[in-house]
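Sequence lines set the chain letters: A, B, ... in the order given, protein chains first and strands last, and positions in each chain run from 1.
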Amino acid sequence: MRDALAFLRNTWRGLTAMRTALTLLFLLALGALPGALLPQRALNAAKVDEYIAEHGWWGRLLDKGQFFAVYGSFWFSAIYVLLFVSLVGCLLPRLWEYFTQMRAKPVLTPRNLSRMPHHADAHVDRDVAEVMAAARTRLRGWRLVEREEPGGARTISAERGFLRETGNLVFHFALLGLLVAFALGKMFGYEGQVIVQATGKQYCNSGVFNFDSFRPGLRVDGTRLTPFCVRVNDFHASYLHNGQAQSFQAGIDYQSGADLDTGTWRPYSLEVNHPLRTEGDRLYLLGHGYTPKFTVTFPNGATRSAEVQWRPVDPITLLSEGATKFDPPQVTDSEERRKNQLAITGLLAPSAVFDGTLMSSNFPEARKPAVAVDVFRGDLGTDSGRGQSIFSIDRSMVDNGRLKKVARENLEVGQSVTLDDGTVIRFDGVTDWVSLQVSHDPTQVYVLVFSMLIVAGLGASLAIRRRRVWVRAVPRQDGRTFIEVGGLARTDQAGYGGEFTGLSRDLLTGGQDKES
Amino acid sequence: MPVNATLATYGDWLYNSAVGVYILATFLYLYEQAFGRAPAKAKERELVVAGGTGEQWKPGLVVPKKPERPRAERFGRMAVALTLLGVLFHVSALVLRGVATGRAPWGNMYEYGALLTLAAVATFLVLMRSFPVRRLGGFVLTPVVILMFLGGTALYAPAAPVQPALQSYWLVIHVSVISISTGMLLVPGVASLLYLVKSTNDAKPERFARFAGRLPAADTLDRLAYRSTVLAFPLFTIGIMFGAIWAEAAWGRFWGWDPKETVAFVSWVVYAAYLHARATAGWRGARAAWVNALGFLLTVFNLFFINLVTAGLHSYAGVG
Ligand code: HEM
């Protein structure tokens, strides 16, 4: 039992030593670094898979060690938690010390002031009381005590710059606060992304299933999202002549809080750098792309139109890829339906240029939209139970021969292609879509407050010097007074010399020949 | 807002002139370093006291300066004058860029590098007034010239408006604070590296004898590094904070471990560790200097590797 206690005590002591904290600080830095060098799942999952595939056993080993999710890894959390414990252990005693020091009086005047790093003395014609009065005036703003010494000498010990300690403690406690707030935010926050057609379509933040992707905090199950709805009316982008984007703007209406009951819509102009803030959540405009509209006229005369977003593959020219899928109309037999599903896949160019039949895009704006498509007919595999991307077809259905390519064509707006069975596919044009992000972080305000405290505390603890000054006035037989001044900077910082020079001059002359 | 191409061209000329003048100044500084008198201990103390930074202040120690000025010292003074001229060109270059584009002139790596190097030179000029380190000018200007040369060639970007994510007053605030503080951190980085050379030399004088013997005393270098870090670190902290506030508005979260954020965090921690190391008895001197040098290397790494090699949200370099 006693051994266990000793062990605990030693562990605690070791953990809270400054050296340990420094080491942990270094480990934290070192541990954060792989996150900048290796692809991270949270940022780019596809890249991680690619990396693992390329690096074989090494990639798999890194994966086992959670190096592709550094900031949630067990070892990063361990460093984080240990540093946290170490900080607490370091700070509590310092806080206690701080309060005792705050109440303590400035220390006794040392016997031999000429041994101080800063020193000056003089004989003056004024008496001790006068000297003391002048010194008290000059040292206004310093914490000081006056003391009598045997033999009629009087001394002042004064101290200044205690705010440095305050700043230091504020800094460290704010750091602690920031760590906590950050961790809580990660637990109770979430981020969800969704693509919405900018043609008056709506998105409601009512459930996780409404998002295309959702990143919940550890303590978020997705059941209590902040309710609000958004309607995206339009989207505008402007570009420089070289294709560089200059501005993005989506015109939206939104409903939140009481508006949900009254059905009131409020307009908002959603732009990059200008998220919508409502009910503690934020809504961002992340990106945009194009949706091609296709109309299919089936051999039996039935027509179907579809508008499905395609995704940009080139961020500069917004050349996009995608797959628009159709079920044959009026077919109830699932076997029959699976033989006649259609998919239009390929590329979409907002500003098409052709090199022979090869299409590419030379500008991100929809100036001359065109598509270069492959049309497939057969079983898309949508009933197979396997999840399918909305941007592509299931290649394995092509490989096993159940899905067949029946046409390849470049289409400009209004043009159409006729398939072997008489089906006509027309490309009607493009509309915009926007991708939105909903973010929820209940503690980010606290993080901000703590980081402001960090800066304030840091400034105070680095800029303020703790320094002491002592004055001793000794009466002499001839009625004159011997004054001695000593000074000591308590912290490592240089620069007390200049202040002490002025101070000691004033103290020795009683402030009479200032700046002569 | 259309770009005024003529003004931008004048700006580029001024930039190139600044580089030329800095190169000239570098040679003069290095001449003084190579052929000037080795700083004597007593002399050093005198200058330190005159600047009011001495830890040990003793009136009466001030010795009157010798009036004669050997050639090396004249060169040193000329170097300072040239540096000032270079700064003048440098500032004008940035101002013209700003006027030409109608925005804050730090929207791509060329402009960002120009601001950073300007801050480095200015910090050095300011600190030179209170530390006897004029002859280090060459060592500070060499990385400055290299950075500016890279900025003017490989990283050059023509004057243009910036993309939507950068159109925010936070560009003015965050980027200026971060690049100014990073530029300031170049000075302690150089000072700490020289400290390591000097202290190695002091321990084994035959090592760098011809070179290091003439460097300022190790103690001076150490204090120069500390003072400049203390100036730059809070600013760097504020810069990161502003970055986080901006990220909240632009990217949807205030912190997301984007590569650039991560390395900024890592270098912040390293500088914090430096300040602690400096305050802890056993770590003063060489170990603290290593930590500071590491911080500097990380900053450079962040500037180049993260901007140019990895792809992150911060890829606004305007290169490629
Ligand atoms: C990211 C983390 C940290 C940062 C940025 C930081 C920053 C600072 C700064 C700037 C100072 C003033 C240094 C000076 O006086 O020159 C300081 C002092 C101090 N810190 Fe920290 N700190 C951190 C973490 C810690 C931890 C984890 C501990 C203890 C477990 C700690 C303990 C101390 C102590 C004891 C001092 C007083 C040292 C002195 O000035 O004598 N710090 N810190």
Enquirer: Heavy-atom distance under 4.5 Å to chain A: side chain of Ile245(B), backbone, both or neither?
Expert: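 Ile245(B) touches chain A through side-chain heavy atoms alone.
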Enquirer: Take atom OH in Tyr446(A); do more than 12 heavy atoms of anything else shown fall under 6.0 Å from it?
Expert: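 Counting other residues, nucleotides and ligands, OH of Tyr446(A) stays at 12 neighbours or fewer.
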Enquirer: If you compare all heavy atoms of Arg253(B) against all heavy atoms of Arg282(A), which two are closest, and at what distance to 0.1 Å?
Expert: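 Heavy atoms only, the tightest pair is CA-NH2, 4.1 Å.
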Enquirer: Say you draw a straight line from CE of Met241(B) to CG of Leu178(A); how long is it, rounded to the nearest 0.5 Å?
Expert: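 Answer for the CE-CG pair, Met241(B) versus Leu178(A), is 10.0 Å.
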Enquirer: Work out which heavy atom in Ala249(B) is nearest to a heavy atom in Pro275(A); give both atom names and the distance.
Expert: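 The pair with the smallest heavy-atom distance is O-CD, 3.6 Å.
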Enquirer: Would you indicate whether the side-chain heavy atoms of Phe26(A) and Val291(B) approach each other to under 4.5 Å?
Expert: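 With C-beta onward as the side chain, the pair touches.
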Enquirer: Check whether Glu271(A) gets within reach of chain B through its side chain, its backbone, both or neither, counting any heavy atom under 4.5 Å.
Expert: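 Interface part for Glu271(A): neither.
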Enquirer: Below 4.5 Å, heavy-atom pairs only: which of Tyr284(A), Tyr71(A), Phe248(A) has the largest tally toward chain B?
Expert: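 That would be Tyr71(A).
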Enquirer: Quick one: CH2 on Trp255(B) to CD on Gln444(A), what's the gap to the nearest 0.5 Å?
Expert: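 Output value for this atom pair is 14.5 Å.
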Enquirer: Kindly indicate whether the side chain of Asn273(A), heavy atoms from C-beta on, has any atom under 4.5 Å from the side chain of Tyr169(B).
Expert: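 Asn273(A) does not reach Tyr169(B) side chain to side chain.
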Enquirer: Given a strict heavy-atom distance threshold of 4.5 Å, which part of Ile240(B) is in contact with chain A: side chain, backbone, both, or neither?
Expert: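 For Ile240(B), neither part sits under 4.5 Å from chain A.
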Enquirer: What closest approach, in Å, do Ala29(A) and Val266(B) show between heavy atoms, and which atom pair accounts for it?
Expert: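 For Ala29(A) versus Val266(B), the nearest heavy atoms are O-CG2, 3.3 Å.
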Enquirer: Which atoms of Trp170(B) are under 4.5 Å from chain A, going by heavy atoms: the side chain, the backbone, both sets, or neither?
Expert: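 No part of Trp170(B) comes within 4.5 Å of chain A.
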Enquirer: Kindly indicate, with the supporting measurements, whether the criterion side chain to side chain contact (heavy atoms under 4.5 Å, CB included) is fulfilled by Phe254(B) and Leu448(A).
Expert: CA-CA 9 Å; Phe254(B) 66 87; Leu448(A) 180 63; over 6 Å; no
Enquirer: Where does Ser439(A) contact chain B at under 4.5 Å (heavy atoms): side chain, backbone, both or neither?
Expert: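 Just the side chain, heavy atoms under 4.5 Å.
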Enquirer: Given heavy-atom pairs under 4.5 angstrom as the criterion, report whether the side chain, backbone, both or neither of Phe182(A) touches chain B.
Expert: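 The side chain, not the backbone.
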Enquirer: Could you tell me whether the side chain of Trp257(B) reaches within less than 4.5 Å of the side chain of Val70(A), counting heavy atoms only?
Expert: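 Side chain of Val70(A) against side chain of Trp257(B), heavy atoms only: no contact under 4.5 Å found.
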Enquirer: Measure the spacing between CG of Leu33(A) and CG of Leu298(B) and express it to the nearest 0.5 Å.
Expert: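 With rounding to 0.5 Å, CG (Leu33(A)) is 6.5 Å from CG (Leu298(B)).
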Enquirer: Counting C-beta onward and ignoring hydrogens, is there a side-chain heavy-atom pair between Phe233(B) and Leu458(A) closer than 4.5 Å?
Expert: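 Yes - at least one pair of side-chain heavy atoms lies under 4.5 Å apart.
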Enquirer: Sub-3.5 Å donor-acceptor pair from the side chain of Thr237(B) to the main-chain atoms of Val455(A), do we have one?
Expert: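 Here the side-chain-to-backbone pair does not exist.
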Enquirer: Rounded to the nearest 0.5 Å, what separation is found between the CG atom of Leu25(A) and the NE2 atom of His276(B)?
Expert: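 Those atoms lie 7.0 Å apart.
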Enquirer: Examine whether an atom of Val438(A) lies under 4.5 Å from a heavy atom of chain B, and if so say whether it belongs to the side chain, the backbone or both; otherwise answer neither.
Expert: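 Neither part.
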